[in-house]
Amino acid sequence: MISITLDGVIVAVTENTPRVLAVLAGGLPSLPSGPLEPERDRTLELAVRRWVRDQTGLELGYLEQLYTFGDIGRRPEADAGRLLSVAYVGLVAETSPAASAGWTDWYDLYPWEDHRAGRPAVIDDVIVPRLVDWAGPDPARQARLRRTFATDGFPWDGVRVLERYELMYEAALVAEAHTDRRSEIPEDLPPSRSMASDHRRIIATAIGRLRGKLTYRPVVFELLPDEFTLLQLQRVVEALAGTPLHKQNFRRLVERAGLVEGTGATTSTGGRPAELFRFRREVTSEHPRPGVGRPW
């Protein structure tokens with residue numbers, strides 16, 4: 001028997017913190033989700049919008065299909081059948097959800113992904129030594145470690161979020177690996193927050209997708225108000241990319257790409273008044289890849 005569910009990875013950035021919407025009713029937090037009802041749901045997108053609205057109280061704007069997850073063993077119950085999950089990613093301004101839902105900092109789920117204050121110590125102090133032991137003399141495993149966690153001089157690639165999570169899963173360095181294998185969860189795992197089922201894998205896929213899209217689509221503006229300062233724009237890009245940006249270089253890139261235009265208004269930020277800008281929607285028809293570059 002095959003069942004189909006719709007899962008929503010709903011992302012907001014508030015106070016420079018990227019967050020994911022989670023349902024908190026019992027057990028581990030999970031993504032808003034529910035089964036496809038063929039007689040009721042005219043499209044998959046309408047179905048995921050309905051489930052997000054019913055479970056969190058939020059109405060979605062920007063939404064795109066992410067991926068279909070259907071590995072064997074996604075259901076722990078014996079003879080439960082195959083479960084296919086069609087995941088969507090949505091971008092919203094953070095608002096208060098229903099009481100059974102809440103926002104989760106995505107760097108609590110993947111602390112090794114936040115490089116805004118430099119390379120996180122947990123990578124070289126905890127993760128890499130454990131992965132070196134796991135890789136042993138196997139050149140293929142060593143290459144995966146070098147490519148994903150940027151060892152031996154290999155550059156960090158912010159888009160490889162899913163590859164890093166799957167490598168840690170394979171090496172049993174995340175709690176879900178032990179839950180799926182029905183073994184006791186060790187106390188010495190690298191610190192991170194878990195989620196139900198394979199929802200952390202789904203979110204990792206979404207983060208990699210969004211980081212990649214920063215380079216060629218103006219998705220970041222879905223997370224900003226209609227009018228914003230260039231510093232606000234920079235902080236949201238840094239939050240999503242997990243890396244710091246050079247202020248003047250970033251501003252030159254944004255202005256040269258024609259992504260924004262001044263409104264003629266200013267706002268007080270406690271010091272010198274800052275000019276307010278808006279997104280130039282015309283840029284999507286002027287350039288084939290209207291993004292903010294490759295932050296990392």
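Quick note: numbers below take in every heavy atom, side chains included, and nothing from hydrogens, waters or symmetry partners. It should be emphasised that the depicted structure is a prediction, and the values quoted were computed from it without experimental measurement.
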Under 3.5 Å donor-acceptor pairs involving side-chain atoms of residues 135-142, not counting sequence neighbours:
from   : atom 1 : to     : atom 2 : distance (Å)
Asp138 : OD1    : Ala140 : N      : 2.9
Asp138 : OD1    : Arg141 : N      : 3.4
Arg141 : NH1    : Trp134 : O      : 2.8
Gln142 : NE2    : Gly136 : O      : 2.7

Working to the nearest 0.5 angstrom, can you tell me the gap between [X] [atom1] and [Y] [atom2]?
{"X": "Asp7", "Y": "Ser85", "atom1": "CG", "atom2": "OG", "value": "4.5 Å"}
{"X": "Tyr107", "Y": "Glu113", "atom1": "OH", "atom2": "CD", "value": "7.0 Å"}
{"X": "Leu60", "Y": "Leu91", "atom1": "CG", "atom2": "CG", "value": "10.0 Å"}
{"X": "Leu131", "Y": "Asp133", "atom1": "CG", "atom2": "CG", "value": "9.0 Å"}

Residues that, via side-chain heavy atoms closer than 4.5 angstrom, fall in one hydrophobic cluster with Leu189: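 Its cluster partners, ordered by chain and number, are Ile185.
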Residue pairs fulfilling ring pair (Phe, Tyr, Trp, His ring centres under 6.0 Å) with at least one residue in residues 189-242, sequence neighbours excluded: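 Listed once each, the pairs are Phe221-Phe228, Phe221-Phe279.
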Tyr110 side chain to Ala204 backbone, donor-acceptor under 3.5 Å: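 A pair under 3.5 Å: yes.
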Under 3.5 Å: donor-acceptor pair, side chain of Arg280, backbone of Val260: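 Looks like no, no N/O pair under 3.5 Å.
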Intermediate values then yes/no, salt bridge (Lys or Arg N to Asp or Glu O under 4.0 Å), Arg209 and Glu64: CA-CA 11 Å; Arg209 168 76 63 85; Glu64 68 169 89; 2.9 Å; yes
Listed by chain and number, what are the salt bridge (Lys or Arg N to Asp or Glu O under 4.0 Å) partners of [X], not counting sequence neighbours?
{"X": "Arg289", "result": "none"}
{"X": "Asp188", "result": "Arg130"}
{"X": "Glu222", "result": "none"}

Side chain to side chain donor-acceptor pair (under 3.5 Å) against Glu37, all qualifying residues, sequence neighbours excluded: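 Once residues adjacent in sequence are excluded, Glu37 has no partner under the side chain to side chain donor-acceptor pair (under 3.5 Å) criterion.
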Residue list, side chain to side chain donor-acceptor pair (under 3.5 Å) with Tyr67, at least two apart or on another chain: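 Not a single residue meets the side chain to side chain donor-acceptor pair (under 3.5 Å) criterion with Tyr67.
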Does anything in [range] form a side chain to side chain donor-acceptor pair (under 3.5 Å)? List the pairs, not counting sequence neighbours.
{"range": "residues 115-126", "answer": "Asp114-Arg116, Arg119-Asp124"}
{"range": "residues 12-27", "answer": "Thr14-Glu94, Arg19-Glu94"}
{"range": "residues 49-60", "answer": "Asp41-Arg50, Glu45-Arg49"}

Salt bridge Arg160-Glu166, side-chain N to carboxylate O under 4.0 Å: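 Result for this pair is no, no salt bridge flagged.
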Within 6.0 Å of CG in Asp226, more than 12 heavy atoms from elsewhere: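 For Asp226, atom CG is not crowded (no more than 12 foreign heavy atoms under 6.0 Å).
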Selection residues 233-247 - residue pairs positive for salt bridge (charged side-chain N to carboxylate O under 4.0 Å, His left out), sequence neighbours left out: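 Output for this query lists Arg235-Glu238.
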Residue among Val292, Leu231, Leu224 satisfying side chain to side chain contact (heavy atoms under 4.5 Å, CB included) with Val236: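 Running side chain to side chain contact (heavy atoms under 4.5 Å, CB included) over Val292, Leu231, Leu224 with Val236 returns exactly one hit, Leu224.
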